[in-house]
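Have a look at the structure below, then the notes.
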Number of protein chains: 2
Amino acid sequence: MVTMRDIAKMAGVSHSTVSRALNNDPRISPKTTEKIRQVAEDLGYSLDIRGRVLAQGRTFTIGLAIPNITNEFFLPVIRGVEHKAAEFDYSLILCSTRADMRFELEAVRLMAERRVDGLIIAWTDDFEGIIGKLEPNKWPVVFIGNALEDSPYPFIDCDHRSGAYDAAKHLIELGHKHIAFLAGPLISIDAGERLDGYKQAVEENDLVPDMWEGDYTRSSGYTQGKKMLSCRRRPTAVFAANDWMAMGVMSAANELGIKIPEELSVIGFDDVAPARHLLTPLTTVRQPAQQMGRTAVRMLLENGKPKSKRVVLGTELVVRKTTHQAIEKR
Amino acid sequence: MVTMRDIAKMAGVSHSTVSRALNNDPRISPKTTEKIRQVAEDLGYSLDIRGRVLAQGRTFTIGLAIPNITNEFFLPVIRGVEHKAAEFDYSLILCSTRADMRFELEAVRLMAERRVDGLIIAWTDDFEGIIGKLEPNKWPVVFIGNALEDSPYPFIDCDHRSGAYDAAKHLIELGHKHIAFLAGPLISIDAGERLDGYKQAVEENDLVPDMWEGDYTRSSGYTQGKKMLSCRRRPTAVFAANDWMAMGVMSAANELGIKIPEELSVIGFDDVAPARHLLTPLTTVRQPAQQMGRTAVRMLLENGKPKSKRVVLGTELVVRKTTHQAIEKR
DNA sequence: CTCCTATATGCACACGGTTGCATGAATTGG
DNA sequence: CCAATTCATGCAACCGTGTGCATATAGGAG
C-alpha cells in the first residue's frame with residue numbers, strides 16, 4: 001500500500017509537503033503540487049483516512065442504532081439519516097439492536113469505541129442506560145422517538161397526539177358515530193399519546209369511546225378485529241394505532257365478509273410501505289420518518305449551535321381508499 | 001478523553017503494560033492486571049479503536065453499497081449483512097448509491113479511503129468500473145446480484161432461471177394453459193434469465209408463450225396488466241417477473257372486476273414484504289435475500305480461504321393465495 | 001553464593017496522516 | 001549590495017494503540 005512517504009520519496013520532497021499539496025494548501029507552489037499530484041496518480045495512491053482521523057480527532061462518521069432492521073417502518077429513517085450524512089460527507093455505521101437492551105448497550109459501546117462524531121439512537125426504551133454509558137465522555141447523541149415531553153435529552157419525535165386527533169376527526173367528519181380505537185401496548189409512550197388524541201376528538205364530539213388494546217403487531221390487529229367486528233353493534237369505523245394492526249383488522253373484516261370501505265372504514269398510523277401497496281390502499285397518518293432521520297443528523301452535525309434540543313414534527317393525514325362516508329343509520 | 005497513557009501514569013506502569021493488561025496478555029501478572037483494570041474503570045476509560053486500527057492494519061469494518069435504500073427489496077439484504085457482520089464483531093458502513101454510477105464510484109472511493117476490510121457491492125451495473133477503482137490496491141470485494149455466469153469476480157446470486165421455471169411449472173400444474181409472462185427490462189441480466197425459465201417450462205409443456213415487457217415498477221405492471229387483461233382471449237394466469245409488477249397486475253385486475261385467484265392466478269418473484277401483506281397475499285418465488293447478505297459477509301471474512309468465488313443460491317416457491325386451479329375451458 | 005531460567009515490565013518504534021514552527025531560498029526595496 | 005520580507009519546504013512532534021526485543025527482578029538448582 002502506497003503512503004504519502006512513498007510519494008515524498010519519489011517526488012524528492014518531504015511527506016508533509018505531500019500532505020499539504022494533496023490538501024491544496026496554497027503555501028505549496030503550483031509546480032510542486034502538480035508534480036506530487038502526478039506521482040500520486042502514477043503510484044495509484046489512495047488516501048488512508050485513518051491517519052487523518054487520528055491526527056484531526058474526528059472520524060467523519062455517525063452511528064445509528066435501530067431497534068429492528070426487519071421492520072419496514074425504520075427504512076425511511078435509515079434513508080433520511082444516510083442521505084443527510086452523505087451531504088456532509090459523513091459515513092453511516094448501522095447497528096440493529098434487535099429491540100434488546102443488551103444489544104443496544106453493546107452497540108453504543110461499539111460506536112463509542114469507534115469514536116463516531118455523533119450517535120443517533122432510535123426508539124430506545126432505556127434512555128438512562130444509554131446516557132449513563134455516554135456520560136463519562138460526553139458523546140453527542142440524539143434520540144429519535146419514544147420521547148417524553150419533558151425529556152432532558154435532545155430528541156426528535158412527532159406529535160402523536162395531534163396526529164391521532166386528526167385521524168379521529170377525519171372519521172367523524174365522514175359521519176361516523178361509532179369509532180373503535182385499537183390502541184398499541186399502553187406501556188409505550190406514543191401508544192398513550194395516540195390514545196389521548198383519539199379520546200379528545202371523540203369526546204369533543206359527544207361520541208362514546210370504544211377502546212381495544214393490541215400490541216402493534218398485525219396478528220393482534222387481526223384477533224382484536226375479529227372480536228370487535230363480531231359484536232352485536234359493531235363499529236362503522238376502526239382507527240388502529242398503527243398500520244400493521246390496521247392491516248390485521250382489514251384481514252379480519254375480509255374474512256367476515258365486511259366490505260372496506262363501504263361497510264367499514266379503517267385508518268392506520270405511520271404510513272408504512274406495505275399499507276400503501278394494498279389493493280385498497282390504507283388511509284393513514286404519516287409519520288415523517290425520513291425527515292426525522294435527516295433532522296437528527298442535522299442536529300448532530302450542524303455547526304455546533306443547536307437551536308433547540310427538542311424537535312416535535314407534525315404528522316400528515318394521508319387519505320387513501322379505506323375511509324368512506326358513513327352509511328346512514330336505519 | 002482518557003488514554004492508556006493516563007492510566008499508565010496513575011497506575012505507575014508504562015502504557016504498553018496497560019495495553020497488554022487490557023488485552024488479557026498472560027505475561028502481565030494478575031495483580032497488575034487487576035490494578036490497571038481498576039484504574040481504567042475509575043477513570044471511565046473507553047478504548048479508542050482508532051489507535052488499534054492503525055497499529056493492526058485492520059478496521060473491523062465492512063462496507064455495503066446498495067443501489068437504493070428506498071426499495072424494500074434490499075432490506076433483508078442489509079439485515080443479513082448486518083447480522084452476520086455483528087457475529088464477527090464487525091461494523092457495517094452503509095452507502096446508498098441511488099442507482100447512479102457516479103454515486104456508486106464515489107461510495108467505493110469513500111469506503112476504500114476508510115480502509116474497510118471488505119466491500120459488498122449490491123446489484124451494480126458496472127462491475128468493471130468498480131473493479132478498476134479497486135484493482136490498484138486489491139481490496140477484497142464481493143458482488144451481490146446482477147451476476148453473469150462467467151463473471152471473473154466473486155459474486156453471489158440466486159438461480160433466476162430455475163426460480164422462474166418453478167413458478168411457471170406451478171401454474172401449469174394447476175392446469176393453466178394460457179400463462180402470460182410480464183418480463184422485466186431485458187437489458188437486465190436477471191430479467192433475461194427469468195424469461196428463459198418461463199420459456200423453458202412453457203415450451204416443455206407445449207404451451208405458447210405470451211410475453212409482455214415491463215420495467216420492474218408497479219406502474220408498468222398496472223399498465224401492461226390493463227392491456228393484457230383486456231384482450232379478447234385473456235390469460236388465466238400471469239407470471240410477473242417481480243412482485244411490484246405483480247401487484248400492478250392485481251390492481252389492474254381489480255379495476256376490471258376480475259377476481260383473484262378464481263378468475264386469474266398471479267405469481268410474482270422476489271417475495272418483497274408488501275406483497276406478503278396484501279389482503280390476498282401473493283404467491284411468489286422467494287429470493288433468499290437475507291442469506292445472500294450473510295453469505296457475502298462470510299465470503300469476505302471467513303478465514304481467508306474462500307472455497308469458491310461464485311455462489312448461486314436456490315430460490316423457494318412460496319404458495320400463498322393468488323394462485324388457484326384453472327377454471328375449465330368451456 | 002553463583003548461575004540459570006522464568007517471569008514481569010519497560011523502551012522505542014510502528015501505523016499514516018496533520019500541523020506548528022524553523023529554516024533556507026528567493027524576491028523586493030532602499 | 002545589503003537588509004527585510006515573502007515564499008516554499010522540511011523537521012519533528014502528535015494522535016492512541018500494538019508489539020518485538022531488551023532488561024530487571026525473583027526464584028530455584030547446584
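For the numbers below, each heavy atom of this structure counts, side chains included, while hydrogens, waters and symmetry mates do not. Throughout, a chain's letter reflects where its sequence line sits, starting with A, and its residues are numbered from 1.
- Counting to the nearest Å, the P atom of C:dT9 and the NZ atom of B:Lys35 are 11 Å from each other.
- The CZ atom of A:Arg58 sits 10 Å away from the P atom of C:dT19 (whole-angstrom rounding).
- Of the possible polar contacts, one joining the B:Arg310 side chain to the B:Ser151 backbone as a donor-acceptor pair under 3.5 Å is found.
- You'll find the side chain of B:Met1 stays beyond 4.5 Å of the side chain of B:Asp48, heavy atoms only.
- With no hydrogens or angles considered, a side-chain donor-acceptor pair links A:Asp190 and A:Tyr216 at under 3.5 Å.
- With A:Thr59 contributing its side chain and A:Arg115 its backbone, the two residues share a donor-acceptor pair below 3.5 Å.
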Report all side-chain donor-acceptor pairs from residues 79-88 of chain B shorter than 3.5 Å, counting only partners two or more places apart or in another chain.
from	atom 1	to	atom 2	distance (Å)
B:Arg79	NE	B:Gln290	OE1	3.2
B:Arg79	NH1	A:Thr70	OG1	3.3
B:Glu82	OE2	A:Ser96	N	3.0
B:Lys84	NZ	B:Glu87	OE1	3.3
B:Glu87	OE2	B:Arg294	NH2	2.8

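- Applying the side chain to side chain donor-acceptor pair (under 3.5 Å) criterion to A:Arg109, with sequence neighbours excluded, gives A:Glu106, A:Glu113.
- For A:Met101, the CE atom counts as loosely surrounded, since its 6.0 Å shell holds 12 or fewer non-hydrogen atoms of other residues, nucleotides or ligands.
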Donor-acceptor contacts under 3.5 Å from residues 129-145 of chain B side chains, at least two apart:
from	atom 1	to	atom 2	distance (Å)
B:Glu135	OE2	B:Lys138	NZ	3.0

Would B:Ile93 and B:Leu110 satisfy side chain to side chain contact (heavy atoms under 4.5 Å, CB included), going step by step from the backbone distance to the final call? CA-CA 10 Å; B:Ile93 291 191; B:Leu110 208 110; 5.5 Å; no
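- Heavy-atom distances under 4.0 Å link DNA chain C to no residue of residues 36-44 of chain A.
- Note on the helix from C:dC1-D:dG30 to C:dG30-D:dC1: angle between the axes of the first and last five pairs equals 50°, rounded to 10 degrees.
- The interatomic distance linking B:Asn137 (CG) with C:dG16 (C1') rounds to 14 Å, in whole Å.
- Of the inter-residue distances, the one linking A:Cys158 atom SG with A:Glu193 atom CD reads 8.5 Å to the nearest 0.5 angstrom.
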When every nucleotide of nucleotides 10-20 of chain D is labelled 5' to 3' by its protein contacts under 4.0 Å (heavy atoms), B for base, S for sugar-phosphate only, - for none, what sequence of letters results? BBB--BBBBBB
